[in-house]
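To start, the structure under review is shown below, and the notes come after it.
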Number of protein chains: 2
Amino acid sequence: MTTPSRWQDLDRLIHEPARLMIVTLLYAVEEADFLYLLHETGLTKGNLSTHLSKLEEAGYVRITKTFRGKIPRTLVALTPEGRQAFETYRQRLSRLIHPPAEGET
Amino acid sequence: MTTPSRWQDLDRLIHEPARLMIVTLLYAVEEADFLYLLHETGLTKGNLSTHLSKLEEAGYVRITKTFRGKIPRTLVALTPEGRQAFETYRQRLSRLIHPPAEGET
DNA sequence: ACATACTAGTTTGTATTACAGACTTGTTTG
DNA sequence: CAAACAAGTCTGTAATACAAACTAGTATGT
């Protein structure tokens with residue numbers, strides 16, 4: 001096998017540490033607003049915004065823009081797909097870094 | 001805390017999937033030659049060589065050039081540091097993707 | 001009324017870097 | 001002498017993370 005099937009590609013979108021933080025946070029809290037993510041991750045606004053856009057394009061998060069009075073409020077939540085993708089990512093990674101046994105085929 | 005301590009930076013050197021493959025392999029087998037890694041990872045020679053050099057610069061692997069007859073043979077092994085770094089990486093990642101509980105400190 | 005600050009972004013520029021492919025050197029084999 | 005293999009180095013490209021600047025609308029302070 002020139003392309004060993006056991007190295008299924010990790011989802012690069014989630015693998016990136018900044019987005020891994022975001023997804024992990026969202027997985028835990030289910031819903032978060034922009035400022036919460038901003039403070040929790042320590043990213044800059046622009047950077048956070050870009051990462052959220054990428055996650056949204058991939059269908060991993062849904063971004064809902066609401067208003068608190070007239071002040072914009074951006075809510076972010078994992079979609080079922082995003083949730084699934086994270087779980088898959090987590091499984092593969094676990095299998096990768098916790099090898100089941102040695103000397104397999 | 002503007003920079004939450006729980007997001008200790010993952011070791012980018014190990015985090016990169018290609019190198020994660022390499023390090024994982026080395027962690028399992030303890031010693032491997034260039035061709036073995038080449039076939040197992042499916043990387044190109046140049047790419048594998050570059051990644052190995054980076055791991056060597058970081059002190060994570062030791063590269064020993066031997067000869068089988070007159071044919072060069074390159075052996076690669078994790079150093080204790082590399083072993084340690086991988087374990088640390090693994091721990092942090094585990095803690096990241098398997099959150100212990102909610103309602104943290 | 002005007003300046004400042006905040007929310008939530010978009011755009012721009014830079015610097016890194018992974019990756020493939022070409023090229024190199026030395027050796028063995030036909 | 002040609003071809004193929006081992007183990008690289010070098011080069012060029014394309015992607016991309018990141019910070020900082022800028023935008024736009026609202027609220028507040030004086």
Side-chain angles (χ1 to χ4, degrees), chain A residues 2-4 7-26 31-58 60-77 96, chain B residues 2-4 7-26 31-58 60-77 96:
Chain A
T2 25
T3 16
W7 308 116
Q8 297 119 322
D9 262 324
L10 293 171
D11 192 333
R12 238 43 194 221
L13 217 84
I14 294 181
H15 193 61
E16 169 61 32
R19 285 189 295 262
L20 186 54
M21 280 196 278
I22 295 171
V23 171
T24 302
L25 278 170
L26 291 177
E31 182 177 58
D33 63 21
F34 192 85
L35 283 187
Y36 173 77
L37 293 175
L38 189 65
H39 295 137
E40 284 296 307
T41 61
L43 299 171
T44 59
K45 286 172 217 191
N47 206 358
L48 175 57
S49 189
T50 304
H51 284 308
L52 287 179
S53 294
K54 283 196 176 144
L55 290 171
E56 191 188 24
E57 274 168 40
Y60 287 177
V61 302
R62 182 173 352 154
I63 300 182
T64 315
K65 288 153 203 284
T66 63
F67 284 89
R68 220 181 32 228
K70 296 277 182 56
I71 294 182
R73 180 151 189 252
T74 299
L75 291 172
V76 187
L96 199 66
Chain B
T2 26
T3 16
W7 308 118
Q8 296 120 321
D9 263 325
L10 292 172
D11 192 333
R12 240 38 197 223
L13 218 86
I14 294 182
H15 193 62
E16 168 62 32
R19 284 188 297 262
L20 186 54
M21 279 196 279
I22 296 171
V23 171
T24 301
L25 278 171
L26 291 177
E31 182 177 60
D33 62 22
F34 192 86
L35 283 186
Y36 173 77
L37 292 175
L38 189 65
H39 295 139
E40 284 296 307
T41 60
L43 299 171
T44 59
K45 285 174 218 190
N47 206 359
L48 175 57
S49 189
T50 304
H51 284 309
L52 287 179
S53 293
K54 284 197 176 143
L55 290 171
E56 191 187 26
E57 273 168 40
Y60 288 177
V61 302
R62 181 175 352 155
I63 299 181
T64 315
K65 288 153 203 285
T66 62
F67 284 88
R68 222 180 33 227
K70 296 281 180 54
I71 295 182
R73 180 150 189 252
T74 298
L75 292 172
V76 187
L96 199 66

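Being a predicted model, the structure only gives us computed values, none of them experimental. Protein chains get the first letters and strands the later ones, always in sequence-line order, with residue 1 at the start of each.
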For B/R73, report the nucleic acid contact type (base, sugar-phosphate, nothing); a contact means any heavy atom under 4.0 Å. sugar-phosphate
In whole angstroms, the gap separating P of C/dA18 from NE2 of B/H15 amounts to 12 Å
From CZ of A/F34 over to P of C/dC6, roughly how many Å is that when rounded to an integer? 15 Å
Whole-Å distance between C/dG9 P and A/L43 CG? 14 Å
Judged by each residue's nearest nucleotide on DNA chain D, which is more toward the 5′ side, A/P72 or B/K45? B/K45
Carefully, step by step, assess A/Y60 and A/L13 under the rule side-chain contact (heavy atoms from CB on, under 4.5 Å). CA-CA 10 Å; A/Y60 287 177; A/L13 217 84; 3.9 Å; yes
Can you see if the side chain of A/R12 gets near the phosphate of C/dC19 - specifically, an N or O under 4.0 Å from OP1 or OP2? yes
Identify whether any heavy atom of A/S49 sits under 4.0 Å from a base atom; if not, whether one sits that close to sugar-phosphate; answer base, sugar-phosphate or nothing. base
Base, sugar-phosphate or nothing for A/L35? Non-hydrogen atoms, less than 4.0 Å. sugar-phosphate
The nucleotide from C/dC19, C/dG9, C/dT28 with an atom nearest the side chain of B/I71 is C/dT28
Base, sugar-phosphate alone, or nothing: which one does A/K70 contact when heavy atoms must sit under 4.0 Å apart? sugar-phosphate
Side-chain contact, heavy-atom cut-off 4.5 Å: B/L55 with B/L26? no
Going by the rule side chain to side chain donor-acceptor pair (under 3.5 Å), which residues pair with A/R12 if we only count those two or more places apart in sequence or in a different chain? B/E16
Is there a side-chain contact between A/L20 and B/L10, using heavy atoms and a 4.5 Å cut-off? yes
So which nucleotide from C/dA8, C/dA18, C/dT28 ends up closest to the side chain of B/K54? C/dA18
Just compare C/dG9, C/dA8, C/dA18 and give me whichever is closest to any side-chain atom of B/H51. C/dA18
Sole candidate of B/N47, B/T24, B/I22 that passes side chain to side chain contact (heavy atoms under 4.5 Å, CB included) when paired with B/T41: B/I22
5'-most to 3'-most nt of DNA chain D touching chain A (<4.0 Å, heavy-atom partner on protein side) reads D/dA17 to D/dA27
Could you point out which residue of A/D33, A/T44, A/L48 forms a side chain to side chain contact (heavy atoms under 4.5 Å, CB included) with A/L38? A/L48
Can B/R68 and B/T66 be said to form a side-chain contact (heavy atoms from CB on, under 4.5 Å), step by step? CA-CA 7 Å; B/R68 222 180 33 227; B/T66 62; over 6 Å; no
